[in-house]
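Accompanying notes for the structure given below.
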Amino acid sequence: HTPETLLMGDLESCKLSEVPWNGSGNERFFFDNPQVCMIYNAGEMSMVEYGRNEILGTCRTEYMSPFLISVRLNESRNEAVEDNKKIAYLIDVQTVRILDLVTGITIATINHEARIDWLELNTRASHLLFRDKKR
């Protein structure tokens, strides 16, 4: 990264991104998703879609694990749906939030009685599957 920007890219698809960034230097980068890079710093996660030169979205979470975050970006084969970009992530060990990254609106907040240790959105981001652990 430079003093004012972050540069990232997917070498397989040759999609490159450069976004304005004023970080602390303590950022952690996650490249688990093939369509988006996740940047985590001090309880806040920012996402950058490869090939786009802007921050896709941000959310507050303390749970940065590829098993506890699911991002879906236009993976549906349905041509009628133009921009379908959603994320499911943990707010706390028993609460999942689903956020529309296009509008920034919370679609759902799901409270559960047991600790959640894995979650995943389906490809259309219309269903959420998660696993819990008994206390």
Side-chain angles (χ1 to χ4, degrees):
H1 74 44
T2 71
E4 297 175 358
T5 63
L6 282 178
L7 301 160
M8 62 203 70
D10 178 12
L11 297 178
E12 289 181 11
S13 66
C14 296
K15 291 181 178 179
L16 305 173
S17 300
E18 181 176 10
V19 295
W21 191 261
N22 293 320
S24 66
N26 296 322
E27 297 87 357
R28 290 180 17 212
F29 298 89
F30 294 87
F31 301 99
D32 299 310
N33 188 301
Q35 295 178 306
V36 68
C37 174
M38 293 179 269
I39 305 123
Y40 182 74
N41 185 37
E44 184 171 275
M45 181 180 58
S46 301
M47 293 152 283
V48 177
E49 183 178 0
Y50 296 121
R52 306 281 310 248
N53 294 325
E54 61 191 15
I55 301 287
L56 175 62
T58 61
C59 60
R60 304 272 318 156
T61 182
E62 294 294 328
Y63 302 94
M64 268 312 292
S65 164
F67 302 113
L68 301 175
I69 296 170
S70 180
V71 180
R72 297 295 184 180
L73 305 179
N74 299 325
E75 294 180 35
S76 174
R77 304 260 188 253
N78 187 353
E79 300 295 326
V81 177
E82 199 168 300
D83 257 353
N84 185 23
K85 300 178 181 185
K86 296 185 175 75
I87 181 172
Y89 63 96
L90 286 186
I91 297 172
D92 60 46
V93 293
Q94 295 174 289
T95 309
V96 177
R97 176 163 290 155
I98 303 171
L99 180 68
D100 186 323
L101 294 168
V102 175
T103 63
I105 296 173
T106 298
I107 296 170
T109 301
I110 303 158
N111 296 311
H112 192 58
E113 72 255 359
R115 192 182 76 129
I116 298 166
D117 71 345
W118 179 86
L119 60 84
E120 188 75 30
L121 287 167
N122 70 332
T123 56
R124 292 181 303 168
S126 60
H127 293 82
L128 174 70
L129 184 64
F130 63 89
R131 181 178 66 193
D132 63 18
K133 285 265 190 173
K134 299 284 185 202
R135 290 183 185 180

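Side-chain atoms of Ser17 and Asn53 include no donor-acceptor pair closer than 3.5 Å.
Met64 and Val96 are not part of a single hydrophobic cluster, where members link through side-chain heavy atoms under 4.5 Å apart. Val71 and Leu129 are assigned to two separate hydrophobic clusters, defined by single-linkage of ILVMFWY side chains at heavy-atom distances under 4.5 Å. A single hydrophobic cluster is not seen to contain both Val102 and Val36; linkage of ILVMFWY side chains at heavy-atom distances under 4.5 Å, directly or through other members, places them apart.
With a 4.5 Å cut-off on side-chain heavy atoms, Glu18 and Met8 do not count as touching. Between His112 and Asp132, the closest side-chain pair of non-hydrogen atoms falls below 4.5 Å. Counting heavy atoms from C-beta outward, Met47 and Leu101 have side chains that approach closer than 4.5 Å. Side-chain contact check for Arg72 versus Glu120: some heavy-atom pair is nearer than 4.5 Å.
In terms of heavy atoms, Ile69 sits closest to Tyr89 at CG1-CB, 4.2 Å. The shortest non-hydrogen separation linking Gly104 to Leu99 is O-CD1, 3.5 Å. Across all non-hydrogen atoms, the minimal contact from Tyr63 to Leu68 is CB-CD1, 3.9 Å. Counting all heavy atoms, side chain and backbone alike, Leu121 lies closest to Ile87 at CD1-C, 4.1 Å. Heavy atoms only, all atoms of each residue included: Val19 and Arg52 are closest at CG1-O, 4.4 Å. Considering all non-hydrogen atoms of both residues, Asn84 and Arg124 come closest at ND2-O, 2.7 Å.
With respect to Glu49 and Lys85, a salt bridge is recorded, a charged nitrogen being found less than 4.0 Å from a carboxylate O. Look at Asp117 and Arg131 and you find a salt bridge, because one of the NZ, NE, NH1 or NH2 atoms lies within 4.0 Å of a carboxylate O, short of that distance.
Taking SG of Cys59 as the start and CD1 of Ile91 as the end, the distance is 9.5 Å to the nearest 0.5 Å. The line from OG of Ser65 to CZ of Phe30 is 8.0 Å long, rounded to the nearest 0.5 Å. Atoms CD1 and SG, from Ile39 and Cys37 in turn, are 4.5 Å apart once rounded to the nearest 0.5 Å. The CG atom of Leu56 sits 12.0 Å away from atom OH of Tyr50, with the distance rounded to the nearest 0.5 Å. Residue Ile105 holds its CD1 atom at 11.0 Å from NZ of Lys86, rounded to the nearest 0.5 Å. Remark: Leu6 CG to Trp21 CH2 distance equals 5.5 Å, nearest 0.5 Å.
Applying the side chain to side chain donor-acceptor pair (under 3.5 Å) criterion to Asn33, with sequence neighbours excluded, gives no partner residue. Among residues two or more places apart in sequence or in another chain, the side chain to side chain contact (heavy atoms under 4.5 Å, CB included) test is passed with Glu44 by Ser46, Thr58, Arg60. Looking at residues two or more places apart in sequence or on another chain, you find no side chain to side chain contact (heavy atoms under 4.5 Å, CB included) involving Asn22.
A donor-acceptor pair under 3.5 Å links the side-chain atoms of Thr61 to the main chain of Leu90, judged by distance alone. Counting only distance, with no hydrogens or angles, the side chain of Glu27 and the backbone of Gly25 share a donor-acceptor pair below 3.5 Å.
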Run the side-chain contact (heavy atoms from CB on, under 4.5 Å) test on Thr106 and Ile98 for me, step by step, so that the C-alpha distance in whole Å, both residues' side-chain angles and the decisive distance to 0.1 Å come before the verdict. CA-CA 6 Å; Thr106 298; Ile98 303 171; over 6 Å; no
side-chain contact (heavy atoms from CB on, under 4.5 Å) evaluation trace for Val48 with Ile55: CA-CA 5 Å; Val48 177; Ile55 301 287; 3.8 Å; yes
Give the C-alpha distance, both sets of side-chain angles, the deciding distance and a yes or no for side-chain contact (heavy atoms from CB on, under 4.5 Å) between Met38 and Phe29. CA-CA 6 Å; Met38 293 179 269; Phe29 298 89; over 6 Å; no
Is there a side-chain contact (heavy atoms from CB on, under 4.5 Å) between Gln94 and Ile116? Walk through the geometry before answering. CA-CA 6 Å; Gln94 295 174 289; Ile116 298 166; 5.6 Å; no
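Atom CZ of Phe67 has 12 or fewer neighbouring heavy atoms from other residues, nucleotides or ligands inside a 6.0 Å radius.
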